[in-house]
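Working notes, structure below.
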Amino acid sequence: MSVEFISMIGTRDASELHSPTVSITGGSIDLGYVRNFAKVHEDGGFDRVLVGYSSTGPDGFNVVSYVAAATERLKFLLAHRPGFVSPTLAARKLATLDHFSNGRVAVHIITGGSDAEQQRDGDWLDHDTRYRRTDEYLDVVRRVWTSTEPFDYAGEFYQFKGAFSDVKPIQQPHIPIYFGGASGAAVGVGAKHSNVYAFWGEPIAAIKQRIAEVKAASPPGKDLRFSISLRPILGETEAKAWDKAHYILSRINETRRNAGIQLSPDAARPEAVGSLRLLDFAKEREIHDKRLWTPIAAATGARGNTTALVGTPEQVAESLFDYYQAGVTTILIRGFDPVEDAIAYGRDVIPLVRQEVQRQERQTAIVA
């Protein structure tokens, strides 16, 4: 597939517009909402949906299993944090899920950028040590998926004797591995193990630089793809889109004030390097490139995917295609009004990007 579109689903209606403390990855479970949310993405032409991870949220393995039974074509990107389940068990769980979803599962490895998040689940390793553990973890997971014979493993964090799994993934040679992490410690591990390396919504020049850095760290000849995550804000006209963007920002600031949360990101700087990068871009200017808007990242401390593309569907599609031309082939887009925005993206944006990608591919084929 030339360009892959992903969004993100949660287990109940949640948005920064309603509460600064309620995340799409946490909270209670509304079965009807989950089914409808997944079907909206399937009907809208999305390829996958991300099921996120948090130390207080529902278990993603079960969410994916439930949604897979309620859909036919939609694929899933299961966020998974190494260190809390044995890699041998994780490999079997993922392979089993791959069978019950008929080969529709990929895994998104998030090593963890917050000590507090890790400690809620009993993990006290520091940032760089966590990435060394992730390296071993993925070594073991891939071997369990692909090995035809039992194997032993002796590492810094994991030791196994006779590790093996009777169940292998449907997808061969193994389930796709997506990887997120912006630190120097992350790049080497992600470049080694991932099929898709994921970035948050940075300016195009920065994305080109990061792609080059990851490619330089990857094994020779490896076919590595790249993903970007953005929050499009659409309007019938450009002016209406900007009015909507400023309303969303004012609403987010209002909910944070009402909750007694300090608006300045300097009051509580995030630990995640990716978040710090977004805050630095926000300090540089409000708008990068044609319409990459950063004030929401600044207002929230950039804890997650918080940079927006603001404009008409045609303008946003144009900016997404600019990222494609920069080397990005997976695009994760989600909105501040999750269901309605997903419908709008599927109807008004995704077809335009696909058409432009197909047009470019035809031109490339003619030249070749």
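Quick note: numbers below take in every heavy atom, side chains included, and nothing from hydrogens, waters or symmetry partners.
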query: Which pair of non-hydrogen atoms, one from Asp289 and one from Ile204, has the smallest distance, and what is that distance?
result: OD2-N, 2.9 Å
Nearest 0.5 Å please: distance from the [atom1] atom of [X] over to the [atom2] atom of [Y].
X	Y	atom1	atom2	answer
Ser227	Phe5	OG	CZ	11.0 Å
Phe199	Asn305	CZ	CG	14.0 Å
Ile29	Arg12	CD1	CZ	10.0 Å
Arg354	Gln358	CZ	CD	8.0 Å
Thr129	Arg132	OG1	CZ	4.0 Å
Glu72	Asn102	CD	CG	11.0 Å

Between [X] and [Y], is there a donor-acceptor pair closer than 3.5 Å when you use the side chain of the first and the backbone of the second?
X	Y	value
Thr307	Gly201	yes
His193	Val189	no
Thr312	Gln315	yes
Arg303	Ser275	no
Gln159	Ala154	no
Gln118	Trp124	no

Is the shortest side-chain heavy-atom distance between [X] and [Y] below 4.5 Å?
X	Y	answer
Leu292	Phe281	no
Pro176	Val107	no
Phe37	Pro338	yes
Leu320	Leu309	yes
Lys208	Ile211	no
Ile228	Leu332	no
Asp47	Ile6	no
Phe226	Val214	yes

message: Would Arg231 pass as a cation-pi partner of Phe336, given that its NZ or CZ must be under 6.0 Å from the six-membered ring centre and within 45 degrees of the axis?
response: yes
query: So, is the end of the Arg143 side chain (NZ or CZ) under 6.0 Å from the ring centre of Phe151 and within 45° of the ring's axis?
result: yes
field: ring pair (Phe, Tyr, Trp, His ring centres under 6.0 Å) partners for Tyr153, two or more places apart
entry: none
Hey, any chance [X] and [Y] share a hydrophobic cluster, counting ILVMFWY side chains that come within less than 4.5 Å of each other, even indirectly?
X	Y	answer
Ile175	Ile170	no
Leu89	Val64	yes
Ile333	Leu278	no
Ile343	Ile350	yes

- prompt: How are the rings of Tyr131 and His127 set to each other: parallel, tilted or perpendicular (split at 30° and 60°)?
  reply: tilted
message: For Arg334 and Tyr345: C-alpha separation, side-chain torsions, deciding distance, then whether side-chain hydrogen bond (donor to acceptor under 3.5 Å, both in side chains) applies.
response: CA-CA 9 Å; Arg334 65 186 182 97; Tyr345 300 158; over 6 Å; no
Residues which pass side chain to side chain contact (heavy atoms under 4.5 Å, CB included) with Asp43, listed by chain and number, not counting sequence neighbours: Lys39
- request: List for me each residue that meets side chain to side chain contact (heavy atoms under 4.5 Å, CB included) alongside Pro295, sequence neighbours excluded, and say none if there are none.
  value: Leu249, Glu286, Trp293
task: Name all pairs fulfilling the side chain to side chain donor-acceptor pair (under 3.5 Å) condition that reach into residues 162-181, sequence neighbours left out, sorted by first residue then second.
output: Glu4-Tyr178, Arg48-Tyr178, Asp98-Gln171, Arg142-His174
field: Asp322 and Arg291: CA distance, side-chain angles, deciding distance, salt bridge (charged side-chain N to carboxylate O under 4.0 Å, His left out) verdict
entry: CA-CA 11 Å; Asp322 289 344; Arg291 54 189 58 85; 5.9 Å; no
task: Using a strict 4.0 Å threshold on nitrogen-to-oxygen distance, state whether Lys215 and Asp223 make a salt bridge.
output: no
message: Any salt bridge linking Glu356 with Arg359? Criterion: basic side-chain nitrogen under 4.0 Å from a carboxylate oxygen.
response: yes
Could you work out, with side-chain hydrogen bond (donor to acceptor under 3.5 Å, both in side chains) as the rule, every residue matching [X], not counting sequence neighbours?
X	answer
Asp30	none
Asp115	Arg130
Ser65	none
Arg92	none

message: With ring pair (Phe, Tyr, Trp, His ring centres under 6.0 Å) as the rule and sequence neighbours excluded, what pairs involving residues 67-114 come up?
response: Phe61-His80, His80-Tyr137
- prompt: What pairs meet the ring pair (Phe, Tyr, Trp, His ring centres under 6.0 Å) rule with one or both residues in residues 297-324, with sequence neighbours excluded?
  reply: Phe321-Tyr324
query: Taking only residues two or more places apart in sequence or in another chain, which ones pass salt bridge (charged side-chain N to carboxylate O under 4.0 Å, His left out) with Arg120?
result: Glu117
query: Do any pairs count as a salt bridge (charged side-chain N to carboxylate O under 4.0 Å, His left out) and have a residue in residues 238-252, sequence neighbours left out, and if so which ones?
result: Glu236-Lys240, Lys244-Asp341, Arg251-Glu254
- prompt: Between Leu78, Asp59, Ile110, which is the residue that forms a side-chain contact (heavy atoms from CB on, under 4.5 Å) with Tyr53?
  reply: Ile110
